Number of protein chains: 2
Amino acid sequence: MTNDQQSEHSDQTVDELDAKLLLLLTDEPRLGVLECSRRLGVARGTVQARLDRLTERGVLTGFPPALDLGAMGYGLTAFAVVEIAQGRRAEVCEGLAAISEVCEVHATTGQGDLFVRMVARSNADLQRVVDHIVDVPHVRRLSTSIALSTPVPPRVRPLLERVKGRSPR
Amino acid sequence: MTNDQQSEHSDQTVDELDAKLLLLLTDEPRLGVLECSRRLGVARGTVQARLDRLTERGVLTGFPPALDLGAMGYGLTAFAVVEIAQGRRAEVCEGLAAISEVCEVHATTGQGDLFVRMVARSNADLQRVVDHIVDVPHVRRLSTSIALSTPVPPRVRPLLERVKGRSPR
DNA sequence: AGATCACTGTACAAATTGTCCAGTGAAATC
DNA sequence: GATTTCACTGGACAATTTGTACAGTGATCT
């Protein structure tokens with residue numbers, strides 16, 4: 001037995017072995033290529049090739065350090081829906097990007113609005129951050145809500161697991 | 001010169017060297033300890049100790065692989081504000097967590113609501129996912145908006161950079 | 001039938017890791 | 001002021017891993 005990549009020749013960019021590899025690295029990201037090959041029961045070169053290809057395809061973009069902002073003192077996470085003046089998205093985004101506490105901005109459907117994720121050290125600090133955002137030119141209205149808890153932290157696992165064993169749904 | 005950690009003895013959990021190290025790893029996550037020490041101009045043991053301590057403190061939680069869901073076929077990202085029946089948060093969250101496409105859930109202030117981030121392969125697929133969410137027991141109302149673009153992708157850099165060089169604001 | 005592709009298994013030099021240790025300032029403690 | 005503690009330096013060593021290359025083998029595509 002040599003080649004056993006019986007992927008469903010679908011246009012999927014990630015086959016079963018890829019998924020297994022990514023799951024493995026999700027659980028233990030510091031594993032080396034050699035160790036991965038052992039755990040997966042494939043040759044080292046295969047793991048290496050897979051990783052290279054995943055990277056080429058743009059699926060795997062890297063292994064950035066995961067930081068717990070809470071442990072860094074930023075215990076508060078908040079979301080904001082920002083209404084802006086028409087046609088000013090680029091400028092507003094630039095303004096938002098200049099605020100350190102702004103960790104993520106999306107342009108969304110709805111009212112040509114922006115959706116912002118931000119962090120702060122305390123309620124008072126959040127106030128300050130919010131004021132900052134409001135101060136960005138062309139920001140019309142800001143609706144903020146604080147994250148009280150995070151029942152489902154950012155995850156990709158289920159998507160990968162579905163590929164691994166062709167699970168349901 | 002031996003010890004030069006002139007951090008501002010603030011209650012900060014991350015000093016300048018930590019920040020530099022984390023920034024370095026943010027840019028080139030696959031760097032080894034040795035290479036980091038060279039780039040930072042410190043001894044290898046120092047880098048090792050810093051990483052260990054950052055991990056102990058819970059600041060550095062790991063190096064998970066970063067996947068581009070778009071490249072995996074999930075080209076759509078959407079956000080949803082979910083209104084639920086009072087006192088049913090746990091159950092609803094469980095239901096949401098069971099849906100693979102649900103990548104993140106936060107409980108937020110506002111109306112005891114949930115905030116959901118999800119992905120889908122297409123508009124039709126999104127429809128399916130939304131239907132799924134609506135089908136979760138005790139979900140009362142769902143307000144969905146699609147992410148059209150992401151002007152500021154998830155980032156932590158600015159927060160680290162502020163520590164590195166005591167920048168403004 | 002022939003070409004291509006992915007994977008296996010092996011090999012070897014170079015680099016990195018995991019550890020340990022002695023020495024040195026700086027800062028905190030007595 | 002003396003002492004202890006702490007973080008960092010710099011060096012050393014064995015064990016492991018990486019980068020790379022290459023021949024062999026099925027399966028799939030043309």
Side-chain angles (χ1 to χ4, degrees), chain A residues 1-60 62-65 71-72 160 163-164 166, chain B residues 1-60 62-65 71-72 160 163-164 166:
Chain A
M1 73 191 72
T2 321
N3 185 341
D4 47 354
Q5 49 144 15
Q6 67 275 63
S7 69
E8 320 79 275
H9 73 302
S10 62
D11 64 271
Q12 282 197 200
T13 47
V14 173
D15 72 3
E16 188 171 331
L17 181 55
D18 287 329
K20 278 183 183 165
L21 176 57
L22 290 174
L23 280 171
L24 182 58
L25 285 171
T26 299
D27 294 332
E28 306 187 51
R30 271 328 221 186
L31 287 188
V33 177
L34 184 56
E35 185 56 27
C36 287
S37 73
R38 278 194 285 252
R39 307 253 188 130
L40 295 174
V42 298
R44 179 163 68 111
T46 304
V47 171
Q48 227 141 21
R50 292 302 187 124
L51 286 178
D52 288 347
R53 256 172 288 158
L54 283 170
T55 302
E56 268 173 46
R57 275 183 244 148
V59 174
L60 178 60
F63 293 80
M72 282 179 64
L160 287 175
V163 176
K164 191 177 86 181
R166 52 306 200 199
Chain B
M1 71 188 69
T2 321
N3 184 341
D4 48 353
Q5 50 144 12
Q6 68 276 61
S7 69
E8 323 78 274
H9 73 301
S10 62
D11 64 89
Q12 283 194 200
T13 47
V14 173
D15 72 2
E16 188 171 332
L17 181 56
D18 287 330
K20 278 183 185 167
L21 175 57
L22 290 175
L23 278 171
L24 182 58
L25 285 171
T26 298
D27 294 332
E28 305 188 54
R30 269 331 221 185
L31 287 188
V33 177
L34 183 56
E35 185 56 27
C36 286
S37 73
R38 276 194 286 253
R39 307 254 188 130
L40 295 174
V42 297
R44 179 163 67 114
T46 304
V47 172
Q48 227 142 20
R50 292 302 187 122
L51 285 178
D52 288 348
R53 257 173 286 158
L54 284 170
T55 303
E56 269 174 46
R57 276 183 242 148
V59 174
L60 179 60
F63 293 80
M72 282 178 65
L160 286 176
V163 176
K164 191 178 85 182
R166 52 307 200 200

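Values in this document were obtained by computation on a predicted structure and should not be read as measured data. Proteins come first, then strands; the chains are lettered A, B, ... in the order of their sequence lines, and each starts at number 1.
- Distance CZ (A:R30) to P (D:dT17): 15 Å, rounded to an integer number of Å.
- Between A:M72 atom CE and B:D18 atom CG the span is 9.0 Å, to the nearest 0.5 Å.
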Show me the donor-acceptor pairs, under 3.5 Å and distance only, between side chains in residues 42-49 of chain A and residues at least two apart or in other chains.
none

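- At a threshold of 4.0 Å, the pair B:R53-B:D15 does not count as salt-bridged, since none of the basic side-chain nitrogens sits closer than that to a carboxylate oxygen.
- In this structure, the CG atom of B:D15 is 11 Å from the P atom of D:dA7, given to the nearest Å.
- Rounded to an integer number of Å, the gap from B:E56 CD to D:dA7 P is 11 Å.
- The CZ atom of B:R30 sits 9.5 Å away from atom OG1 of A:T55, with the distance rounded to the nearest 0.5 Å.
- Listed by chain and number, the residues in a salt bridge (Lys or Arg N to Asp or Glu O under 4.0 Å) with B:R39 are B:E28, B:E35 (sequence neighbours excluded).
- Atoms SG and CG, from A:C36 and A:L21 in turn, are 5.5 Å apart once rounded to the nearest 0.5 Å.
- The end-to-end axis angle of the helix from C:dA1-D:dT30 to C:dC30-D:dG1, rounded to 10 degrees and based on five pairs per end, is 50°.
- Partners of B:T26 according to the side chain to side chain contact (heavy atoms under 4.5 Å, CB included) rule, which considers only residues two or more places apart in sequence or in another chain, are A:P65, B:R157, B:L160.
- Straight-line distance from the CG atom of A:D18 to the P atom of C:dA6: 12 Å, rounded to whole Å.
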Worksheet, complete the sentence: In 5'-to-3' order, the base (B), backbone-only (S) or no-contact (-) status of each nucleotide in nucleotides 12-17 of chain C, using a 4.0 angstrom heavy-atom cut-off, is ----SB
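- The CG-P distance, from B:L51 to C:dG18, rounds to 10 Å in whole Å.
- Taking side-chain N and O atoms only, B:R53 has a distance below 4.0 Å to OP1 or OP2 of D:dC8.
- In this structure B:D52 satisfies the salt bridge (Lys or Arg N to Asp or Glu O under 4.0 Å) test with no other residue, sequence neighbours excluded.
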